[in-house]
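Read the structure below first, then the notes.
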Protein chains: 2
Amino acid sequence: MTRQKKVILDILRSTKSHPTADWIYTEARKVIPDISLGTVYRNLNVLREAGEILELNYGSSYSHYDGNPENHYHHVCLECDRIADVPMPVQAELEQKARACGCGEIYYHRLEFYGLCPACQQKKDKQTR
Amino acid sequence: MTRQKKVILDILRSTKSHPTADWIYTEARKVIPDISLGTVYRNLNVLREAGEILELNYGSSYSHYDGNPENHYHHVCLECDRIADVPMPVQAELEQKARACGCGEIYYHRLEFYGLCPACQQKKDKQTR
DNA sequence: CGCCTTAACGCTAATAATTATCAATTTAAT
DNA sequence: ATTAAATTGATAATTATTAGCGTTAAGGCG
């Protein structure tokens, strides 16, 4: 566990946002000014493979990372691309239903809701009023 | 509706696989030998915006496309990246539950199951036996 | 049917996120 | 403290996708 890796993991663990590699890079440089972007990517991949973090890619062209490796659901804003946690319990019965379809083995599932985040929803309300 | 666009849509509608832009390009060239890859991408974007097809990006670095624009669920093989439809009904109550969490407006949701496709599952069985 | 406007095409170059390379440095085990 | 192995920073390479642009084809109207 190098200093760089620890800083990257700390940054991810201490935010509820779901940042991109570039945002993490910016934050990491505040602690280790000469850390390189390659190191950020390298450690994000190592951490993902170790199951310490999640990589999310919902539509947008770059990956987002999540410091919470427990399965949970997300809401993606179609307007501003914000990703937010959806605090509802994991629905284990979904996997049972899917297994009944005989599509092979299932280790885990992911569920995303697409729409407008509260901020963009309000913005749109004002426009159409 | 140009010939190119129609061919691309036909290719997508006539396969149950969830091909990449490059695979579609290869198929399209069998019909229009001098079609360009840019045209494939351009039309895939147009068709997606028109709601005629779905763009899927689950983990892998390139997008997959789905000729069936109706919401449905997928199974992604972690071994061979194969994407298969999961023929289970859309669970509308998921959106109700998510709305109750107050994360903003929800237009639709997506659900993916990750594991092993039947082929890779069998391959692994043989190895460990 | 042929003109004509507009949208779409093929081609090539550009973008941009991510990965690979590699000498130099750090880690941590002995 | 020594040392082998792993990781770093810096840079170049890769690769999926998009943008620019002169040319071509669609399809509506006379």
Side-chain angles (χ1 to χ4, degrees), chain A residues 1-12 17-67 76 78 80-83, chain B residues 1-13 15 17-67 76 78 80-83:
Chain A
M1 170 73 67
T2 64
R3 193 159 108 80
Q4 287 84 346
K5 190 175 181 181
K6 180 160 174 26
V7 165
I8 289 166
L9 185 54
D10 284 350
I11 288 170
L12 262 173
S17 79
H18 300 75
T20 62
D22 213 66
W23 186 90
I24 295 166
Y25 174 53
T26 303
E27 289 301 301
R29 269 197 299 186
K30 293 178 184 170
V31 185
I32 309 177
D34 63 347
I35 195 173
S36 86
L37 183 55
T39 297
V40 172
Y41 274 107
R42 209 181 305 120
N43 279 305
L44 287 172
N45 282 338
V46 169
L47 290 167
R48 171 174 47 75
E49 277 156 30
E52 304 253 34
I53 64 174
L54 296 180
E55 181 178 355
L56 312 174
N57 42 328
Y58 303 145
S60 62
S61 53
Y62 29 65
S63 286
H64 292 250
Y65 295 87
D66 190 330
V76 183
L78 295 170
C80 70
D81 287 334
R82 204 171 76 93
I83 298 175
Chain B
M1 169 73 67
T2 64
R3 193 158 107 78
Q4 287 83 347
K5 190 176 179 178
K6 181 161 172 24
V7 165
I8 289 166
L9 186 54
D10 284 352
I11 288 170
L12 262 174
R13 285 275 155 78
T15 180
S17 78
H18 300 75
T20 62
D22 212 66
W23 186 89
I24 296 166
Y25 174 52
T26 303
E27 290 302 301
R29 269 197 299 186
K30 293 177 185 171
V31 186
I32 309 177
D34 63 345
I35 195 173
S36 85
L37 183 56
T39 297
V40 172
Y41 274 108
R42 209 181 303 122
N43 278 305
L44 287 172
N45 282 337
V46 169
L47 289 167
R48 171 173 46 75
E49 277 156 29
E52 304 253 34
I53 65 173
L54 297 180
E55 181 178 356
L56 312 174
N57 41 323
Y58 302 145
S60 62
S61 52
Y62 28 67
S63 285
H64 292 250
Y65 295 89
D66 191 330
V76 182
L78 295 169
C80 71
D81 287 336
R82 204 171 76 93
I83 298 175

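Within every chain, numbering begins at 1; the chains are lettered A, B, ... in the order of the sequence lines, protein sequences first and strands thereafter.
Taking 4.5 Å as the limit, some side-chain heavy atom of A:Arg42 sits within range of a side-chain heavy atom of A:Thr39. Inter-residue side-chain proximity for A:Leu44 and A:Glu55 is flagged as unmet; no heavy-atom pair is nearer than 4.5 Å.
For the pair A:Ser61 and D:dA16, the criterion of a side-chain N or O lying under 4.0 Å from OP1 or OP2 is not met. An OP1 or OP2 oxygen of D:dT8 is reached within less than 4.0 angstrom by a side-chain nitrogen or oxygen of A:Arg42. Taking side-chain N and O atoms only, B:Tyr41 has no distance below 4.0 Å to OP1 or OP2 of D:dT18. Between B:Asn43 and C:dC9 there is a side-chain N or O to OP1 or OP2 distance below 4.0 Å. Using a 4.0 Å cut-off, some side-chain N or O of A:Ser63 falls inside it from OP1 or OP2 of C:dT18. Taking side-chain N and O atoms only, B:Gln4 has a distance below 4.0 Å to OP1 or OP2 of C:dG10.
No side-chain donor-acceptor contact under 3.5 Å links B:His18 to the backbone of B:His64.
A heavy atom closer than 4.0 Å to some atom of DNA chain D occurs in no member of residues 45-55 of chain A. Against DNA chain D, the stretch residues 17-40 of chain B makes no heavy-atom approach under 4.0 Å.
When the P atom of C:dA17 is taken as reference, atom CG of A:Asp81 falls 13 Å away, rounded to whole Å. In this structure, CG of A:Asn57 is placed 15 Å from P of D:dA16, rounded to the nearest angstrom. B:Met1 has its CE atom 9 Å from the P atom of D:dG27, to the nearest Å. What separates OH of B:Tyr62 from C1' of C:dT19 is a distance of 14 Å, to the nearest Å. Between the C1' atom of C:dC9 and the NZ atom of B:Lys5 lies a distance of 13 Å, rounded to the nearest Å.
Contact detail for A:Pro19 and A:Ile24: the closest heavy-atom pair is CG-CG1, 3.9 Å. The nearest pair of heavy atoms linking B:Ile35 to B:Ile8 is CD1-CD1, 4.4 Å. Between B:Thr20 and B:Tyr65, the shortest heavy-atom distance links the atoms C-CD1, 4.4 Å. Taking every heavy atom of both residues into account, B:Leu37 and B:Ala21 meet most closely at CD1-O, 4.3 Å. Pairing each heavy atom of B:Arg13 with each of B:Gly67, the nearest pair is NE-O, 2.9 Å.
Between the NZ atom in B:Lys6 and the CG atom in B:Asn43 there is a gap of 12.5 Å [rounded to 0.5 Å].
With DNA chain D read from its 5' end, the first of the two nearest nucleotides for A:Arg3 and B:Thr2 is the one closest to A:Arg3.
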